[in-house]
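Working notes for the structure below.
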Amino acid sequence: ILYTSGTTGKAKGVVSTHLNIQAQVTSLIEAWGWVSEDYILHVLPLNHVHGIINVLTCALWAGAKCEILPRFDPWETWQKFVERDLTLFMAVPTIYVKLIAAWEAATPQEQQMMGEASQKFRLMVSGSAALPVSVLAKWKAITGHTLLERYGMTEIGMALSNPLEGLRVVGSVGTALPQTEVRLVDDDGNPVNPGVSGEIQVRGPNVFLEYWQRPEETKASFRHGWFSTGDFAVVEKGNYRILGRKSTDIIKTGGYKVSALEIEEVLRTHPAIKECAVIGIEDREWGERVGAALILQRGKDLTLEELRTWGKKRLAPYKVPTRAVIVDDLPRNPLGKVTKVLLKKLFKKTKG
Ligand code: MCA
Ligand code: AMP
């Protein structure tokens with residue numbers, strides 16, 4: 001069971017069977033050509049698919065070598081690139097941004113060593129969140145590698161991938177992986193015509209069994225045997241391009257999926273906060289940042305620093321808002337639901 005945030009407050013347990021895991025792993029072994037001679041540096045958390053399936057279990061399955069760092073550090077990672085005979089690296093876009101920043105801060109001699117060390121690799125992969133084209137281009141300039149971008153989800157493992165051999169299309173996540181069927185559907189669940197955007201649905205032995213003790217949510221996430229991901233995409237020249245998510249209550253920050261509703265529930269327990277709404281704000285380094293619009297109790301004051309100190313005792317560090325604005329009112333639709341799209345615009349206008 002791996003836990004993942006949803007559109008409801010608390011994280012859901014995603015139950016995957018051994019057969020699911022076998023399918024997820026063997027699909028990647030085939031697509032990315034894992035062999036026992038491979039050597040991968042592991043810098044990701046072990047409680048998510050990216051770290052435990054794509055890196056660790058694939059390495060174990062292939063009989064390859066996997067070196068695990070206790071936590072990601074850009075300098076230590078570059079040092080390992082230089083010292084070890086690594087062949088593979090996989091990370092979220094934020095990690096590539098941080099590695100680029102470390103390279104930019106290095107001396108010309110160090111930069112040359114870093115660039116040379118990168119030549120040993122046969123493949124570098126990015127995923128878990130959209131890879132900005134600027135990051136892909138900078139990484140290629142530094143290392144010579146065109147990052148292979150792929151798309152996945154805790155419930156399904158990986159579903160779409162650019163090719164190991166052949167053209168990796170910038171801004172795209174490629175085509176369906178072995179053993180996996182992918183399609184796009186409209187609001188009624190009917191497959192869309194080519195070139196039309198739709199929700200990504202996935203079917204295959206890689207798809208999870210159920211949400212732990214949540215039969216209703218499990219049922220609601222399947223339609224005619226297909227798992228509905230909540231992500232939108234379009235197929236262009238045979239390649240899938242991710243367009244965004246159905247729900248504004250899901251935020252992807254640093255590769256972590258977080259629930260806006262879970263954070264709101266915690267923030268509402270702060271003595272100075274009367275009402276609040278949490279959203280994801282586009283950000284070059286983190287993909288999205290957690291932002292909070294706050295209505296304060298009459299006569300109360302709250303700085304971002306105070307909010308963060310309080311929040312860090314109650315939430316995982318990546319869930320604690322790094323942007324906050326104080327408002328008199330929250331934009332709402334006629335049903336009284338906060339319109340988060342309008343809130344995003346407010347953050348664009350306000351520096352908070
Ligand atoms: C930490 N900080 C942040 C965030 N996280 N600020 C804004 N947004 C964030 N998300 C702040 C901390 O509060 C702290 O600031 C400072 O950054 C350093 O914190 P630290 O925890 O040391 O950060 P880090 O170690 O540099 O973490 C960055 C990271 C990490 C390594 C990119 O976020 C990470 O490991 N992400 C990978 C997550 C992952 O594996 N996702 C895959 C999910 P201060 O000191 O001021 O408080 S699986 C998935 O998505 C599917 C299946 C798929 O497709 O892969
Ligand atoms: P998680 O639930 O943590 O497994 O996160 C899965 C979600 O990450 C997907 O539903 C997508 O929204 C997002 N995701 C994964 N890979 C990519 C990618 N390459 N581009 C854009 N979004 C991605």
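Atoms within a ligand are numbered from 1 in the order they appear, just like the ligands themselves. Bear in mind the structure is a predicted one, so any value in this text is a computation, not a measurement.
- Contact annotation for K257 and ligand 1: no heavy atom of the residue comes within less than 4.0 Å of the ligand.
- For atom 50 (O) of ligand 1, the nearest protein heavy atom (residue, atom name, distance) is K252 NZ, 2.6 Å.
- Contact annotation: for V173 versus ligand 2, heavy atoms closer than 4.0 Å belong to the side chain alone.
- Distances from atom 33 (O) of ligand 1 to the heavy atoms of Y318, Y151, Y256 show the closest one on Y256.
- Within 6.0 Å of CG on D187 lie no more than 12 heavy atoms contributed by other residues, nucleotides or ligands.
- Short contacts between ligand 2 and A130, defined as distances under 4.0 Å to a heavy atom of the residue, involve ligand atoms 20 (N), 21 (C), 22 (N).
- By the criterion of a heavy-atom distance under 4.0 Å, neither the backbone nor the side chain of H48 is placed next to ligand 2.
- Atom 16 (C) of ligand 1 is not flagged as protein-proximal [any protein heavy atom, distance under 4.0 Å].
- Residues D38 and I40 form no side-chain contact, since every pair of their non-hydrogen atoms from C-beta on lies 4.5 Å or further apart.
- Backbone and side-chain nitrogen or oxygen atoms of G255 are examined, and one is located within less than 3.5 angstrom of a nitrogen or oxygen of ligand 1.
- Counting protein heavy atoms only, atom 48 (S) of ligand 1 is closest to H48 CB, 3.6 Å.
- Cluster membership check: M124 shares its hydrophobic cluster with Y39, using side-chain heavy-atom separations under 4.5 Å among Ile, Leu, Val, Met, Phe, Trp and Tyr.
- Counting only heavy atoms of the protein, atom 29 (C) of ligand 1 lies nearest to I95 CG1, 4.5 Å.
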From CA spacing to verdict: side-chain contact (heavy atoms from CB on, under 4.5 Å), T87, L123: CA-CA 7 Å; T87 62; L123 175 66; over 6 Å; no
Residues V25, L60; criterion side-chain contact (heavy atoms from CB on, under 4.5 Å); working and verdict: CA-CA 10 Å; V25 170; L60 290 171; over 6 Å; no
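- Near T322, the atoms of ligand 1 lying under 4.0 angstrom from a non-hydrogen atom of the residue are 6 (N), 7 (C).
- Heavy-atom proximity to T4, at under 4.0 Å, picks out these atoms of ligand 2: 2 (O).
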Stepwise side chain to side chain donor-acceptor pair (under 3.5 Å) check, T322 with R289: CA-CA 7 Å; T322 53; R289 269 177 187 275; 2.9 Å; yes
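- An N or O contact shorter than 3.5 Å links K257 to ligand 2 by distance.
- Close approach to E149 involves these atoms of ligand 2, each under 4.0 Å from a residue heavy atom: 18 (C), 19 (N), 20 (N).
- When only interatomic distances are considered, the shortest N/O to N/O separation between T253 and ligand 1 falls below 3.5 Å.
- Ring planes of F222 and F208: parallel class, angle under 30° (limits at 30 and 60°).
- For ligand 1, one of its N or O atoms has an N or O atom of R308 under 3.5 Å away.
- No continuous path of ILVMFWY side-chain contacts below 4.5 Å connects L148 to Y151, so the two sit in separate hydrophobic clusters.
- Geometrically, ligand 2 and S128 share a nitrogen or oxygen pair separated by less than 3.5 Å.
- Counted by atom type alone, W32 and S161 present one or more donor-acceptor pairs between their side chains at under 3.5 Å.
- Scanning all protein heavy atoms for the shortest distance to atom 1 (C) of ligand 1 gives W286 CH2, 3.6 Å.
- Checking atom 6 (N) of ligand 1 against the protein gives a heavy-atom contact under 4.0 Å.
- Near T154, with a cut-off below 4.0 Å to any heavy atom, the atoms of ligand 1 are 52 (C).
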Trace of the side chain to side chain donor-acceptor pair (under 3.5 Å) decision for T146 with K140: CA-CA 5 Å; T146 301; K140 187 170 168 67; 3.3 Å; yes
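- Looking only at protein heavy atoms, the nearest one to atom 17 (C) of ligand 2 is A129 N, 3.6 Å.
- Taking a 6.0 Å sphere around CD of E181, one finds it holds more than 12 heavy atoms contributed by other residues, nucleotides or ligands.
- The contact set between ligand 2 and G152, taken as ligand atoms under 4.0 Å from a residue heavy atom, comprises 6 (C), 7 (C), 9 (C), 15 (C), 16 (N).
- Between T94 and ligand 1, a contact under 3.5 Å exists for no N or O pair.
- Close approach of ligand 1 to H50 (heavy-atom distance below 4.0 Å) involves ligand atoms 42 (C), 48 (S), 55 (O).
- L261 belongs to no hydrophobic cluster, as no Ile, Leu, Val, Met, Phe, Trp or Tyr side chain comes under 4.5 Å of its own.
- Counting heavy atoms closer than 4.0 Å to ligand 2, residue S126 contributes nothing at all.
- If you check which protein heavy atom lies closest to atom 47 (O) of ligand 1, you get K312 NZ, 2.6 Å.
- Taking hydrophobic clusters as Ile, Leu, Val, Met, Phe, Trp and Tyr residues chained together by side-chain heavy-atom distances below 4.5 Å, V325 shares a cluster with L343.
- The closest approach between any non-hydrogen atom of P45 and ligand 1 is below 4.0 Å.
- For E67, the CD atom counts as densely surrounded, since its 6.0 Å shell holds more than 12 non-hydrogen atoms of other residues, nucleotides or ligands.
- For atom 25 (O) of ligand 1, the nearest non-hydrogen atom from the set Q24, R71, M90 belongs to R71.
- Close approach of ligand 2 to K252 is summarised as follows: ligand atoms under 4.0 Å from at least one heavy atom of the residue are 1 (P), 3 (O), 5 (O), 6 (C), 7 (C), 8 (O).
- Among P74, G311, S128, G254, the residue whose heavy atom sits closest to atom 36 (N) of ligand 1 is G254.
- Every atom of ligand 1 is numbered from 1 in the order shown, and the set under 4.0 Å from a heavy atom of G152 is 54 (O).
- Counting atoms of ligand 1 from 1 in the listed order, those under 4.0 Å from a heavy atom of F72 are 31 (C).
- Closest to atom 10 (O) of ligand 2, if we only count protein heavy atoms, is D231 OD2, 2.5 Å.
- Enclosure of atom NZ in K337 is not indicated, since only 12 or fewer non-hydrogen atoms of other residues, nucleotides or ligands lie within 6.0 angstrom.
- When the side chains of ILVMFWY residues are joined at heavy-atom separations under 4.5 Å, either directly or via intervening members, V125 and V173 end up in two distinct hydrophobic clusters.
- At a 4.0 Å cut-off, at least one heavy atom of R150 sits close enough to ligand 1 to count as contact.
- Put simply, the side chain of K274 does not reach to within 4.5 Å of the side chain of R298, judged on heavy atoms.
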